[in-house]
Amino acid sequence: MSNVLDSSSSSFAGLWRGAEQTRKIKQLESELKSASIYLDTMRLLQAENELLRKQLNLPDYGQGVTIPGQITFHSPLENRVTLNIGSLKQVKVGCPVINGDGLVGIVQTVDKSECQVQLVTSPLPFKVGAMVMSEVPMVGLLHGESADRLVLDLVDINAKVKDGDLVVTSGIAKSLIPRGIPIGRVVSVNTNVEFGLKAVHVFPEVQISQAREVFVLR
C-alpha cells in the first residue's frame, strides 16, 4: 500500500509539474507574441514617421523623437489647437509643435490621448526665444500680435535688421525648443529710442488655417 501511495503521489507531482511547465510555456509564448506585436507596431510607427517627414520635407532639428499627429480642433479666439496625441505617445508640456513650414506652437496641457497647443501667434504673456538670421544674428523674445503678425522685441536698437530676414527659434532659453526652427519673415521694423527697444514685425511661416499634419519634438 505504501508503495502504491508513493507511486500515486509521484504521479500527481509529475502531473502538477507538467501542468505548471505548460502554463509557463504558454505565458512565455504570450509574452513573446506581445513583444512581437509591440516591435511590429514600433516599426510601423517609425516607417510612418519617416514617410510623413519625407512628404513634408521636414528638416532635422536635432531632437531625439518626432511624434506625428493631427490637428483635430482650432480655436482662433484662444490661439489654440488640439492634437490627437497625448501622454500615451510621450507628448510632454513644453514640447514644440512643427510642420513642414516651421513652428506651430508649444504644448501647454496633456492628457492620455490629446494635447492642447498654444499657437506661436498667441499674444503676451506668451513668449518664444527667437533670433533674426541677419549678418549678425540678433536674439530677442517673440510673441503674437494677430493671426498674421508677430512681434520680436530686440534690446539692441542698433541691430541691423531688414525686410525679408528669416526669424527662427533661438534655442537659448531653458526649454525644450531647439534652435533653428523657422518662425517667419521680417516685414517691418520700428525703433523706440526712448525705451531702447527695436520691435521687429514678423509674418508667420505657418498658416494655421491650412495646417493639419504636425509633429511634436522631444
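Only this structure's heavy atoms are used, side chains among them; waters, hydrogens and symmetry mates stay out. Predicted model, so just to flag it, every value in this text is computed and none were measured.
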- Item | Summary of side chain to side chain donor-acceptor pair (under 3.5 Å) pairs that have at least one residue in residues 106-115, sequence neighbours excluded | none
- Query: Quick one: hydrophobic cluster around L77, which other residues, with the 4.5 Å side-chain cut-off, linked directly or via members?
  - Reply: none
- Task: Please check if L88 and V93 belong to a single hydrophobic cluster, counting links between Ile, Leu, Val, Met, Phe, Trp and Tyr side chain heavy atoms closer than 4.5 Å.
- Result: no
- Side chains of I181 and L217 in contact at under 4.5 Å (non-hydrogen atoms): yes
- Query: In terms of hydrophobic clustering (I, L, V, M, F, W, Y; side-chain heavy atoms under 4.5 Å; direct or indirect links), are F126 and I177 co-clustered?
  - Reply: yes
- Task: Taking all non-hydrogen atoms of both residues into account, name the closest pair between P96 and I106 and its distance.
- Result: CA-CD1, 4.0 Å
- Starting at CD1 of I208, measure out to CG of N79 and round the result to the nearest 0.5 Å. 10.0 Å
- Under a single-linkage definition using a 4.5 Å side-chain heavy-atom cutoff for Ile, Leu, Val, Met, Phe, Trp and Tyr, are V189 and V202 assigned to the same hydrophobic cluster? yes
- Is there a donor-acceptor contact under 3.5 Å from the side chain of T191 to the main chain of K198? no
- Task: Search all heavy atoms of N190 against all heavy atoms of H201 and return the closest pair with its distance.
- Result: ND2-NE2, 3.0 Å
- Message: Apply side-chain contact (heavy atoms from CB on, under 4.5 Å) to residues C115 and V107 and explain how you reach the verdict.
- Response: CA-CA 7 Å; C115 67; V107 175; 4.2 Å; yes
- Is there a side-chain contact between V206 and D101, using heavy atoms and a 4.5 Å cut-off? yes
- Query: Run the side-chain contact (heavy atoms from CB on, under 4.5 Å) check on V216 and T66 step by step: do they pass?
  - Reply: CA-CA 6 Å; V216 175; T66 53; over 6 Å; no
- Say you draw a straight line from NE2 of H74 to CG of L119; how long is it, rounded to the nearest 0.5 Å? 5.0 Å
- Query: What are the two closest heavy atoms between N99 and A211, and how far apart are they?
  - Reply: ND2-CB, 3.8 Å
- Message: Quick check against the 3.5 Å criterion: does R185 have a side-chain atom that pairs as donor or acceptor with the backbone of F203?
- Response: no
- Query: Does the side chain of T72 come under 3.5 Å of the side chain of N84 through a donor N or O and an acceptor N or O?
  - Reply: no
Review item, side-chain donor-acceptor pairs of residues 139-155, under 3.5 Å, at least two apart:
from, atom 1, to, atom 2, distance (Å)
S146, OG, D148, OD1, 3.0
S146, OG, R149, N, 3.3

- Kindly give the heavy-atom pair with the smallest separation between T121 and P204, and that separation in Å. CG2-CG, 4.5 Å
- Message: I need the minimum non-hydrogen distance between P182 and E205, along with the two atoms involved.
- Response: CB-CG, 4.4 Å
- Message: When you measure from the side chain of R218 to the backbone of Q90, do you find a donor-acceptor pair of N or O atoms at a distance under 3.5 Å?
- Response: yes
- Message: Is there a path of hydrophobic side-chain contacts, each under 4.5 Å between heavy atoms of I/L/V/M/F/W/Y residues, joining V136 to V167?
- Response: yes
- Give the intermediate values and the outcome of side-chain contact (heavy atoms from CB on, under 4.5 Å) for residues Q70 and R212. CA-CA 5 Å; Q70 291 184 339; R212 180 168 174 78; 3.4 Å; yes
- Smallest separation among heavy atoms of I183 and A130, with atom names: CD1-CB, 3.8 Å
- Does any N or O in the side chain of Q118 come within less than 3.5 Å of the main-chain N or O of E78, such that one atom is a donor and the other an acceptor? yes
- Query: Checking T169 side chain against G171 main chain: does a donor-acceptor pair fall under 3.5 Å?
  - Reply: no
- Is there a side-chain contact between V104 and V120 (heavy atoms, below 4.5 Å)? no
- Note on the structure: Rounded to the nearest 0.5 angstrom, the CE-CG distance for M131 and D165 is 12.5 Å
- Under the side-chain contact (heavy atoms from CB on, under 4.5 Å) criterion, do I71 and V117 qualify, and how do the steps go? CA-CA 10 Å; I71 296 173; V117 178; over 6 Å; no
